[in-house]
Amino acid sequence: MTHEKLFTPPDGSTITVNPDGGLSVPDDPIIPFIRGDGIGPDIWRATDMVVVEAVKRAYAGRRQIRWFEVIAGQIAFETSGSWLPDETVEAIRHYAVAIKGPLTTPVGGGLRSINVALRHLLDLYACVRPVRYIPGVPSPVKHPERVDMVIFRENMEDVYAGIEWKKDSDEARRIISILKDNFGVVIAPDSGIGIKPISETGTKKLVRRAVRYAVDGGRDSVTLVHKGNIMKYTEGAFRDWGYEVCRREFSDLTVPEAELTGPEAKGRVVIKDRIADAMFQQVLLRPEEYSVIATPNLNGDYLSDALAAQIGGLGMAPGANIGDHAALFEATHGTAPKYAGMDKVNPGSLILSAALMLEHMGWKEAAELIYTSIEATVAKKTVTYDLARQMEGAVEVSCSGFAKSMIESME
């Protein structure tokens, strides 16, 4: 590999992807990381402290991550003229597992979004967002402890594919004309036009991963969330293709909800489906009935943030973008530039994303140390300003102070 504009990777070994999709993880894996823009460097320092200590304690020094810094976002643009250098994409693809802080969306020309570009260039088709309540975190709902879901959001298609044309553009006029002349579809001439692709291949890849996750993790259900009552040949097809995957590939491990004759699923994962708007009510009123959710891109974006709000906000919500050949873990919030360099903000999202990364690598003992220590720290009401202002009797600490308190809580 060549990394002409990047740092030289450290000594260490490469994670490899097995033919069955599993990982072969050495004891000294090289893992690329992107600090991110704005508050990115602050929350990265805190995350690094916690992860290094968790791995050290969990494995008594037998395992160690070899961090490899790569660049994207503002610093990349300033040093290389590119918001997303090819070498960064190459490094993540080669080393199979990476983690990143929040990145600035370029204004004006260039990429629509660095995050979206990374997903498409690396075919990270599943956005995975676990949503689980940490006791003590302020929440706007009465029973946040009932929320324990993992969202699998399709990452490549739907309206987020970015296929659209501006009002009055030649392309928009041509599309409007073609629809009228060839299909009898009349659209107002002053419309912007967008295309919503949802493919059988993309849907089945996502649902297959969601069901496998549920089976391997002992989860009791997978719910297909869609708006198929209106968009029958896109989101309705998503539902149908999802059921087809379960019937053809997981028939002995799953059962459609409609075929249950009683409450017993006999150890099988129950496959449900819900209309998207109704699902927003369901996750508020009956969250304990849902475990894994598989959904198209736009629905998943809305639902991820809505569920995060129920457990206290994006500051405590981890995220990952996963494909068959690479996985990129990330903070789910923005860059918050006005707090940059102040060592102030909550690093919880990136720390929990790092724990999710360790789980993905099979280093579950280190991940569990992070989960238990963050719970213990919040239980002591030792929190950053965003939580402290909502908690009576809280001890407000800095971003790095929160990380240090987590380390003190590790056992």
4.5 Å side-chain heavy-atom contact, [X] and [Y]:
X: Pro197; Y: Ile163; value: yes
X: Pro10; Y: Ile30; value: yes
X: Ile43; Y: His333; value: yes
X: Glu235; Y: Asn299; value: yes
X: Asp37; Y: Pro337; value: no
X: Asn297; Y: Val159; value: no
X: Leu103; Y: Asn115; value: yes
X: Phe77; Y: Ile114; value: no

Take atom [atom1] of [X] as the centre, draw a 6.0 Å sphere, and report whether it contains more than 12 heavy atoms from other residues, nucleotides or ligands.
X: Asp11; atom1: CG; value: no
X: Asp28; atom1: CG; value: yes
X: Lys180; atom1: NZ; value: no
X: Tyr233; atom1: OH; value: no
X: Ile275; atom1: CD1; value: yes
X: Lys204; atom1: NZ; value: yes
X: Lys196; atom1: NZ; value: yes

Roughly how far apart are [X] [atom1] and [Y] [atom2], rounded to 0.5 Å?
X: Gln390; Y: Ser139; atom1: CD; atom2: OG; answer: 9.5 Å
X: Arg239; Y: Arg274; atom1: CZ; atom2: CZ; answer: 10.5 Å
X: Leu206; Y: Ile198; atom1: CG; atom2: CD1; answer: 10.5 Å
X: Met361; Y: Ile31; atom1: CE; atom2: CD1; answer: 4.0 Å
X: Asp386; Y: Lys344; atom1: CG; atom2: NZ; answer: 9.0 Å
X: Glu375; Y: Lys380; atom1: CD; atom2: NZ; answer: 13.0 Å

Closer than 3.5 angstrom, by distance alone: can the side chain of [X] be matched with the main-chain N or O of [Y] as a donor-acceptor pair?
X: Asp158; Y: Leu298; value: yes
X: Glu157; Y: Ser199; value: yes
X: Ser353; Y: Gly319; value: yes
X: Arg93; Y: Leu121; value: yes
X: Asn18; Y: Asp20; value: no
X: Lys232; Y: Asn229; value: yes
X: Ser177; Y: Arg173; value: no
X: Ser373; Y: Ile370; value: yes
X: Gln281; Y: Asp277; value: no
X: Thr88; Y: Ile71; value: yes

### Message
Any salt bridge linking Asp301 with Arg153? Criterion: basic side-chain nitrogen under 4.0 Å from a carboxylate oxygen.
### Response
yes
### Message
One thing to verify: whether Asp305 and Arg129 come together as a salt bridge, which I'm taking to mean a side-chain N less than 4.0 angstrom from a carboxylate O.
### Response
yes
Which heavy atom in [X] sits nearest to a heavy atom in [Y], and how many Å separate them?
X: Met391; Y: Pro138; answer: CG-CG, 3.4 Å
X: Pro140; Y: Gln310; answer: CD-O, 4.3 Å
X: Gly323; Y: Leu124; answer: N-CD2, 3.7 Å
X: Ile176; Y: Ile187; answer: CG2-O, 3.8 Å
X: Met316; Y: Ile374; answer: SD-CD1, 4.0 Å
X: Ala54; Y: Leu369; answer: O-CD1, 3.6 Å

### Message
Is there a side chain to side chain contact (heavy atoms under 4.5 Å, CB included) between Phe250 and Arg208? Walk through the geometry before answering.
### Response
CA-CA 9 Å; Phe250 300 96; Arg208 185 179 295 117; 4.1 Å; yes
#### Entry: Step-by-step side chain to side chain contact (heavy atoms under 4.5 Å, CB included) determination, Ile134 to Ile311
CA-CA 7 Å; Ile134 296 174; Ile311 56 98; over 6 Å; no
### Task
Tell me, with the steps shown, if Arg57 and Glu53 meet salt bridge (Lys or Arg N to Asp or Glu O under 4.0 Å).
CA-CA 6 Å; Arg57 295 197 185 203; Glu53 190 64 24; 2.7 Å; yes
### Task
Please test Glu330 against Arg119 for salt bridge (Lys or Arg N to Asp or Glu O under 4.0 Å), starting from the C-alpha separation and ending with a verdict.
CA-CA 12 Å; Glu330 64 181 359; Arg119 293 166 193 167; 3.6 Å; yes
### Message
Apply side chain to side chain donor-acceptor pair (under 3.5 Å) to residues Asp27 and Tyr59 and explain how you reach the verdict.
### Response
CA-CA 10 Å; Asp27 288 340; Tyr59 306 112; over 6 Å; no
### Chi angles and distances behind the side chain to side chain contact (heavy atoms under 4.5 Å, CB included) call for Arg174, Trp165
CA-CA 10 Å; Arg174 287 173 61 192; Trp165 296 277; over 6 Å; no
Got a list of side-chain donor-acceptor pairs under 3.5 Å for residues 143-151, not counting sequence neighbours?
unit_1, atom_1, unit_2, atom_2, d
His143, ND1, Glu145, OE2, 2.9
Asp148, OD1, Arg219, NH2, 3.3

### Query
Side chains of His325 and Asp123: is there a donor and an acceptor less than 3.5 Å apart?
no
### Query
So, Ser400 versus Ser398: side-chain donor-acceptor pair below 3.5 Å or not?
yes
### Query
How are the rings of Tyr385 and Tyr339 set relative to one another: parallel (under 30°), tilted (30 to 60°) or perpendicular (over 60°)?
tilted
### Aromatic plane relationship, Trp67 with Trp44 - under 30° parallel, 30 to 60° tilted, over 60° perpendicular
perpendicular
### Message
Test side chain to side chain contact (heavy atoms under 4.5 Å, CB included) on Phe402 and Val345; report intermediate values, then the result.
### Response
CA-CA 10 Å; Phe402 185 80; Val345 299; over 6 Å; no
### Message
Please evaluate residues Asp324 and Tyr125 with respect to the criterion side chain to side chain donor-acceptor pair (under 3.5 Å), reporting the C-alpha separation (whole Å), side-chain torsions for both, the decisive distance (0.1 Å), and the verdict.
### Response
CA-CA 8 Å; Asp324 293 334; Tyr125 59 82; 2.6 Å; yes
### Query
Within 45° of the ring axis of Tyr371 and under 6.0 Å from its six-membered ring centre, is that where the NZ or CZ of Arg132 lies?
yes
